[in-house]
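Down below is the structure, laid out as structure tokens.
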Amino acid sequence: MTNQVTLTQFIIEQQRGLPEASGTFTLLLNNIVTACKQISHRVNCGALIGVLGSAESENVQGEVQKKLDIITNDIMVRALDWSGSLGGMASEEINDPIQIPKQYPKGKYLVLFDPLDGSSNIDINLTVGTIFSILRCREGVEPEPEDFLRKGSEQVCAGFVLYGPSTMLVLTTGNGVNGFTLDQDVGEFILTHCNMKIPEDASEFAINMSNQRFWEAPIKRYVDECVAGSDGPRERDFNMRWVASLVAEVYRILNRGGVFMYPFDLRNPAKPGKLRLLYEANPMAFIIEQAGGACSTGRERVLDVKPTSIHQRVPLILGSKNEVERIVGYHRDMDGAA
Ligand code: AFP
């Protein structure tokens with residue numbers, strides 16, 4: 001193929017349009033991408049290099065960690081802490097924000113990441129991914145925990161890398177969404193999916209049906225109507241998918257539309273959803289909105305949620321605009337009737 005645009009070229013050309021750009025952001029993104037290439041290699045080698053299986057430890061969420069959860073977290077931290085572009089980092093796998101070691105300068109960005117999303121899929125060779133979110137921060141000072149508690153609307157960049165049949169990077173800097181495929185032979189991400197757009201209507205939904213008894217009425221109503229198909233009020237048939245890996249679900253929705261729900265869950269009032277606001281919901285919401293979709297908790301735009309703790313969980317409903325708006329409308333109907 002000729003005239004291929006590499007990720008580096010793409011970012012440098014985008015930054016050229018910004019008079020205040022110093023190259024720091026390009027360096028930061030480059031370091032994230034280097035880490036993701038290393039992760040891609042480890043995930044790809046799997047059992048050959050002994051990285052599958054449980055680490056027999058628990059993370060801050062009380063979830064059993066896989067060996068690769070720990071390995072990928074270390075890869076991210078080591079690729080990023082030295083660069084001088086970061087004031088600090090936060091990882092889904094680590095209790096407190098991660099400080100930049102004293103010997104390195106501090107920079108003007110914060111990175112928040114889930115190093116291996118969908119890791120329950122790793123031992124069965126299904127798609128997993130890395131999700132990241134970039135915020136600006138006060139330069140040269142140690143960030144306080146509150147510095148990380150910012151609304152998703154303040155993100156300057158969000159992306160995820162999908163370790164599937166191809167390794168793909170999906171990225172937004174607030175100017176649309178683009179997809180890049182890793183050319184394994186030359187080790188470069190190449191622009192392959194320009195200006196990704198989500199269809200406004202769709203007939204595919206993704207939800208973990210085994211939690212049905214814990215859902216609120218609006219979600220039950222929406223799913224019942226989808227399942228009723230052409231015999232019900234929607235007057236058309238729907239399809240269902242559940243990969244248990246947010247990166248794979250979002251990538252599918254970016255390509256052919258649909259809706260993903262991990263809704264409010266009545267099981268435990270302390271955990272109003274499963275997915276994490278800062279490492280999963282916010283970056284995906286930024287990407288989905290930039291691709292023309294919508295993202296809500298059911299009652300609030302995700303990007304407007306003011307975080308109260310770094311490992312906060314939120315209900316998450318995202319995807320094709322008209323379907324998400326319908327579900328939000330069902331929540332409004334229920335709350336209005338109460
Ligand atoms: P893991 O990274 O612990 O596998 O969790 C993945 C995830 O956060 C998200 O990627 C999935 O959509 C969701 O959880 C799957 O949840 P269920 O295990 O309840 O299906």
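As the structure lists them, so they are numbered: ligands from 1, and atoms in each ligand from 1. Counting begins at 1 with the first residue of the sequence.
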Review point. Among N208, T127, I131, which residue places a heavy atom closest to atom 17 (P) of ligand 1?
Key: N208
Study note, to complete from the structure: Within 4.0 Å of some non-hydrogen atom of F260, the atoms of ligand 1 are 12 (O)
Exercise for review: Classify the side-chain pair N73/S91 by whether it contains a donor and acceptor separated by less than 3.5 Å.
Suggested key: yes
Point to revise | Nearest neighbour in protein (non-hydrogen) for atom 13 (C) of ligand 1 | key: K274 NZ, 3.9 Å
Practice item. Assess the side chains of Y330 and E225: does a donor N or O sit below 3.5 Å from an acceptor N or O? Key: yes
Check your understanding: For ligand 1, which atoms sit closer than 4.0 Å to a heavy atom of W242?
Key -> 15 (C), 20 (O)
Review point. So which protein heavy atom does atom 8 (O) of ligand 1 come closest to, and at what separation?
Key: E280 OE2, 3.0 Å
Exercise for review: Taking atom types as modelled, find out whether Y279 and D117 have a side-chain donor-acceptor pair closer than 3.5 angstrom.
Suggested key: no
Exercise for review: Identify, for atom 7 (C) of ligand 1, the protein heavy atom at the shortest distance, and state residue, atom and that distance.
Suggested key: L275 CD2, 3.8 Å
Check your understanding: Any ion pair linking K106 and E142 (charged N to carboxylate O, less than 4.0 Å)?
Key -> yes
Review point. So does R234 pair up with E323, basic N to acidic O under 4.0 Å?
Key: yes
Check your understanding: Is E249 in contact with ligand 1, taking contact as a heavy-atom separation below 4.0 Å?
Key -> no
Check your understanding: Would you call D265 and K271 a salt bridge, using N to O less than 4.0 angstrom?
Key -> no
Review point. Among protein heavy atoms, which sits nearest to atom 19 (O) of ligand 1, and what does the distance come to when rounded to 0.1 Å?
Key: Y262 OH, 2.6 Å
Practice item. Name the closest protein heavy atom to atom 10 (O) of ligand 1, giving the residue it belongs to and the distance to 0.1 Å. Key: L246 N, 2.7 Å
Point to revise | Proximal ligand 1 atoms for S120, defined as those under 4.0 Å from one of its heavy atoms | key: 4 (O)
Point to revise | Criterion salt bridge (Lys or Arg N to Asp or Glu O under 4.0 Å) on D114 and R276, from CA distance to verdict | key: CA-CA 9 Å; D114 177 356; R276 276 63 39 143; 5.4 Å; no
Point to revise | Salt bridge K151-E154, side-chain N to carboxylate O under 4.0 Å | key: no
Check your understanding: Nearest heavy atom to atom 2 (O) of ligand 1: which of A248, S210, G118 does it belong to?
Key -> G118
Exercise for review: Would you mind running through ligand 1 and noting each atom that sits below 4.0 Å from a heavy atom of R276?
Suggested key: 8 (O)
